[in-house]
K.L.:
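Sharing a structure with you now.
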2 protein chains.
Amino acid sequence: MATGRPHRPTTRGRGIPEATVARLPLYLRALTALSERSVPTVSSEELATAAGVNSAKLRKDFSYLGSYGTRGVGYDVEYLVYQISRELGLTQDWPVVIVGIGNLGAALANYGGFASRGFRVAALIDADAAMAGRPVAGIAVQHIDELESIIADNGVSIGVIATPAGAAQQVCERLVAAGVTSILNFAPTVLSVPDGVDVRKVDLSIELQILAFHEQRKAGEAAAGPDITDMVTPVVPPVAATRRRADDVPARPAVDGAVPHGVGDAGSGPDGSDGGRSAAMPA
Amino acid sequence: MATGRPHRPTTRGRGIPEATVARLPLYLRALTALSERSVPTVSSEELATAAGVNSAKLRKDFSYLGSYGTRGVGYDVEYLVYQISRELGLTQDWPVVIVGIGNLGAALANYGGFASRGFRVAALIDADAAMAGRPVAGIAVQHIDELESIIADNGVSIGVIATPAGAAQQVCERLVAAGVTSILNFAPTVLSVPDGVDVRKVDLSIELQILAFHEQRKAGEAAAGPDITDMVTPVVPPVAATRRRADDVPARPAVDGAVPHGVGDAGSGPDGSDGGRSAAMPA
DNA sequence: GCATGTGAAACCATTCACAGCG
DNA sequence: CGCTGTGAATGGTTTCACATGC
């Protein structure tokens, strides 16, 4: 159980679908922008466009919160802002600690959207004694020895981990032991936590890899595809590759004698022609 | 899961499910760790644990790639690393540009996992002329005027946006016009892009809000016994939680005469009796 | 014998399409 | 009449459980 789990087996029916919860902040942001421009009401269509979803989905999402719209008119912006804020728990503010004040931690501490929407940076914590006392984003960094007392004194229940991967699990354990029950993890590691603790993960490298997958697919289709009508750019000049270690050779099946029958099997170097994306049901 | 769209309606069936693609990087990381410890094979059970998923899911995921395991034995680590890398398109390297070298952009540029897994920072770009020439993570920042030629000269197809929200859409358009077809967006905005361009979004503030939702739910459950459905809780003046503007009052339905009937309607502040932790707020 | 690979079942999410109401 | 709210249809994902084959 890693990333944002269903957090709980289904504590008795009730409740907003996880996918909907994940979109509420999006709606809230769009609504806040409208509110700032003093727009009084919006239709599901307009709001959906602003939030980047389709209107049916938005209406379905809102239907889980209650009937907050007016038929034939739309939604009252201010009222909806309040209802969503309340649903997300943003009418109270949440003290947050950031552990690991390197480049990333500092960036997070400086991030404005942080403080503005119900969250307050209660403390910045780092293991490097040399950092202690140094102000980052106007807050003095504290040494990790203080972690437990900081959590307790401030009633912190949300922690952000921005440490190197190697330190993440240990920091996580200390946070949890001290009372934190929600963790936002920026370290590229799978954290293991006890039940009842939520972990969400933000991983740059994973996001890039997902993009690379689609990117490759586009290139492959463009090159060998009768499908996909027109592509924006013809083909990306496949720059030479530079694999990071010495394992540039495909690597053989191994085991014993028979070779596992891959689908679009190896042989194609960095890319060769490869053709389609391979993948296809096995025989 | 970020905003990564379905990239395409279903370009004709075939292909690996999106949910599976999103997990491949996770498996790859776990496998790489095993590889470094020279572990020759793993079972689906072991690998699943290391990646933080369950084994049935992992096997199903791998089944979309082909039959790369050996019954009764498990998977050959090296071979699987190669197959997944190839599937993700990591056997070639991808030049990436980062636009917006503020705190976050600098953190991204310094992020090690970046370069190590098939990605290469081809350029750092910023709109501030004063930044031009300044080295960040060993690379000289270039002015945004050079954006188009940098993209073209380096065959960049992946761009990372780390600018303030206000600049994001414009930067996005320039990137796309110059040939970028995959974008990783860190700015808190919904980007609109033409078909064929993939956007993935990483949004700190959204992640925190999702955590806050669950956090609130935990507190609510702990405090309000059996069921939260009781509408109109008597007490509780909603804590004056330092809302950022003057709109601290709930905001009324509005429209005309009738009040919309919410579900677990307002009135319930942070939670009342609280029970759980919950920060001593500054009044 | 044991772990993979996979149909089938269960589950969740999205989309459709329209009834219902201001 | 227009737009919300929602049952029903569709599509995708996860889980189960076991046949398959090393």
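Note on naming: letters A, B, ... go to the chains in the order of the sequence lines (proteins, then strands), and numbering restarts at 1 for each one.
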K.L.:
Do A/Tyr82 and A/Thr91 touch side chain to side chain, with heavy atoms closer than 4.5 Å?
P.N.:
yes
K.L.:
Taking only residues two or more places apart in sequence, or in another chain, which ones meet B/Arg23 in a salt bridge (charged side-chain N to carboxylate O under 4.0 Å, His left out)?
P.N.:
B/Asp61
K.L.:
Tell me every residue that passes side-chain hydrogen bond (donor to acceptor under 3.5 Å, both in side chains) with B/Thr41, counting only those two or more places apart in sequence or in another chain.
P.N.:
none
K.L.:
Does B/Tyr68 place a side-chain N or O at less than 4.0 Å from the phosphate oxygens OP1/OP2 of C/dA3?
P.N.:
no
K.L.:
Under 3.5 Å, which N/O atoms of the protein pair with N/O atoms of nucleotides 16-21 of chain D?
P.N.:
from: D/dT20; atom 1: O2; to: B/Arg71; atom 2: NH1; distance (Å): 2.3

K.L.:
So for the helix from C/dG1-D/dC22 to C/dG22-D/dC1, with five pairs setting each end axis, what is the inter-axis angle to 10°?
P.N.:
10°
K.L.:
With sequence neighbours excluded, tell me which residues meet side-chain hydrogen bond (donor to acceptor under 3.5 Å, both in side chains) with A/Ser43.
P.N.:
A/Glu46
K.L.:
Do the side chains of B/Lys60 and B/Lys57 get nearer than 4.5 Å, heavy atoms only?
P.N.:
no
K.L.:
Take atom CG of B/Asp76 and atom P of C/dA3, then tell me their distance rounded to the nearest Å.
P.N.:
17 Å
K.L.:
Sequence neighbours left out, what passes ring pair (Phe, Tyr, Trp, His ring centres under 6.0 Å) with A/Tyr75? Give chain and number order.
P.N.:
A/Phe62
K.L.:
Of all residues at least two apart in sequence or in a different chain, which pass the side chain to side chain contact (heavy atoms under 4.5 Å, CB included) check with A/Val202?
P.N.:
A/Leu184, A/Phe186, B/Val202, B/Glu207
K.L.:
In chain order, what residues pass the side-chain hydrogen bond (donor to acceptor under 3.5 Å, both in side chains) check against A/Thr49, with sequence neighbours excluded?
P.N.:
none
K.L.:
To the nearest Å, how far apart are A/Tyr64 OH and D/dT6 C1'?
P.N.:
10 Å
K.L.:
Could you tell me the separation between the CG atom of A/Leu58 and the P atom of C/dC16, rounded to a whole number of Å?
P.N.:
15 Å
K.L.:
Looking across every strand, which nucleic acid part, if any, lies under 4.0 Å from B/Phe62 by heavy atom: base, sugar-phosphate, or nothing?
P.N.:
nothing
K.L.:
Between D/dT4 and A/Thr70, is there an OP1 or OP2 to side-chain N/O distance shorter than 4.0 Å?
P.N.:
no
K.L.:
Check the distance between C/dG1's P and B/Glu45's CD and give it to me in whole angstrom.
P.N.:
20 Å
K.L.:
Under the side-chain hydrogen bond (donor to acceptor under 3.5 Å, both in side chains) test, which residues partner A/Gln169, sequence neighbours left out?
P.N.:
A/Glu173
K.L.:
To the nearest Å, how far apart are A/Leu47 CG and D/dC3 P?
P.N.:
14 Å
K.L.:
Ignoring backbone atoms, test whether A/Tyr75 places a side-chain nitrogen or oxygen under 4.0 Å from the OP1 or OP2 oxygen of C/dG22.
P.N.:
no
K.L.:
Whole Å only: how far is the NZ atom of A/Lys57 from the P atom of D/dG5?
P.N.:
18 Å
K.L.:
May I have the distance from A/Glu18 (atom CD) to C/dA13 (atom P), rounded to whole angstrom?
P.N.:
8 Å
